[in-house]
Student: 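Before anything else, here's the structure in question.
Just so you know, these numbers use all the heavy atoms, side chains as well, and skip hydrogens, waters and symmetry mates. Numbering of ligands and ligand atoms starts at 1, following listing order. Computed from a predicted model, the values in this text were never measured in an experiment.
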Amino acid sequence: TPSAAGKTEKKKNIDYQQVYNDIAEMLDEDSDYDDGSYGPVLVRLAWHASGTYDKDTKTGGSNGATMRFAPESKHAANNGLAIARDLMEKIHAKYPEISYGDLWTLAGVCAVQELGGPTIPWRAGREDAFETSCTPDGRLPDAGKKEDHIRDIFYRMGFNDQEIVALAGAHALGRCHPDRSGFEGPWQEAPTVFSNEYFKAISTRKWVKKDLKNGGWQWVDKNNTDVMMLPAEIAMYNDKEFKKYFDLYAKDEDKFFKDFAAVFQKLLELGVPFKGDEKVYHFKRTTE
Ligand code: DDH
């Protein structure tokens with residue numbers, strides 16, 4: 001059960017590295033799930049919990065973890081994320097003091113790092129809210145729309161063009177599911193490895209339109225029609241301002257890792273009321 005909103009928080013005594021380790025252990029516990037890792041869907045949970053932020057009204061974001069409640073849990077953009085939230089309930093049962101916002105963002109950090117991505121600095125400080133703080137539908141990007149819509153959505157959070165492209169590199173991970181978004185397939189052939197392969201794929205392959213059974217369409221690689229791009233992504237790639245960053249990250253993985261670490265931390269911290277004295281964690285990978 002969610003903890004009460006607004007209660008004065010005592011200093012919590014949680015071993016966050018241990019929480020990280022427990023989540024890491026969970027990532028590949030079911031080899032039949034998708035490509036064998038829960039990592040990608042946990043990254044998506046962290047992102048959808050955070051990406052509702054509106055900088056003008058200072059509403060939404062990972063503070064509050066309002067996706068626990070309807071109507072936010074039922075927003076079409078959040079289809080399939082019950083899987084990730086249910087996984088996190090098991091961790092929460094072991095660490096009842098942790099807020100859901102802290103837990104979900106920590107899980108996103110853990111998944112990125114364990115799948116080979118950069119170290120993402122992380123701080124605790126989110127507090128659970130009630131369902132009255134649920135955000136309105138429509139704050140997350142619509143994959144069927146074009147680059148102007150994507151700019152509207154991410155500028156509202158406070159990101160610039162380069163940050164938007166760096167964030168999109170998370171699509172190296174995971175896949176689209178017909179029963180969640182209506183799209184189908186991974187963005188490239190190694191969806192459980194965090195890399196700059198997404199940028200290499202979008203910038204070097206020949207993308208052709210494919211009609212889907214549900215009446216929609218997506219782009220597929222002419223030479224491997226199992227891999228895909230969303231309509232919004234090719235629209236972004238064809239935008240001059242966005243394109244230069246796609247090409248930059250395709251050529252320079254170190255630069256992508258560095259920029260992604262900074263912008264993913266920024267995303268996960270949007271709207272979080274830090275007091276300023278929080279410890280900054282750099283979690284150790286389980287392989288370290
Ligand atoms: Fe995404 N994403 N995303 N995405 N996303 C989907 C899956 C995943 C868009 C649309 C979709 C980000 C940005 C965008 C991840 C991370 C991030 C799916 C498929 C759609 C559709 C869902 C499904 O069917 O299961 C669009 C549009 C954008 C945009 O920027 C224009 C960002 C910023 C992130 C991030 O994490 C920083 C991940 C990971 C997945 C794979 C999930 C899975 O289960 O696998």
Student: Among protein heavy atoms, which sits nearest to atom 45 (O) of ligand 1, and what does the distance come to when rounded to 0.1 Å?
Tutor: R175 N, 2.9 Å

Student: Please work out which of V165, D179, T192, L167 has its closest non-hydrogen atom nearest to atom 37 (C) of ligand 1.
Tutor: L167

Student: Other residues, nucleotides and ligands only: do more than 12 of their heavy atoms fall within 6.0 Å of CD on E25?
Tutor: no

Student: Would you please indicate yes or no on a ring centroid separation below 6.0 angstrom for Y38 and Y33?
Tutor: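 Yes - the distance between ring centres of Y33 and Y38 falls below the 6.0 Å cut-off.
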
Student: Taking 4.0 Å as the limit for heavy-atom contacts, which would you say applies to N79 with ligand 1: side chain only, backbone only, both, or neither?
Tutor: neither

Student: Whether K258 engages the ring of F256 as a cation-pi pair (distance to the six-membered ring centre under 6.0 angstrom, angle to the ring normal within 45°) should be assessed.
Tutor: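 No - K258 does not lie over the ring of F256 by the 6.0 Å and 45° rule.
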
Student: Between Q188 and H171, is there a side-chain donor-acceptor contact under 3.5 Å, judged purely by atom types and distance?
Tutor: no

Student: May I ask you to list the atoms of ligand 1 that are less than 4.0 angstrom from any heavy atom of V43?
Tutor: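 The list of qualifying atoms is 36 (O), 39 (C).
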
Student: Taking 4.0 angstrom as the limit and counting only heavy atoms of R180, give me the atoms of ligand 1 inside it, by number and element.
Tutor: 23 (C), 24 (O), 25 (O), 44 (O)

Student: Identify the closest protein heavy atom to atom 34 (C) of ligand 1: which residue and atom is it, and at what distance?
Tutor: W47 CD1, 3.4 Å

Student: Would you confirm whether the ring centroid of F242 sits within less than 6.0 angstrom of the ring centroid of Y237?
Tutor: no

Student: Heavy atoms only, cut-off 4.0 Å: how does E233 contact ligand 1, side chain, backbone, both, or neither?
Tutor: neither

Student: Just to check, does W187 reach to within less than 4.0 Å of ligand 1 when the distance is taken from its heavy atoms?
Tutor: yes

Student: For atom 25 (O) of ligand 1, what's the nearest protein heavy-atom neighbour? Residue, atom name and distance, please.
Tutor: H177 ND1, 2.6 Å

Student: Is any side-chain N of the basic residue among K94 and D22 closer than 4.0 Å to the acidic one's carboxylate O?
Tutor: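 Salt bridge between K94 and D22, a charged N being under 4.0 Å from a carboxylate O: yes.
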
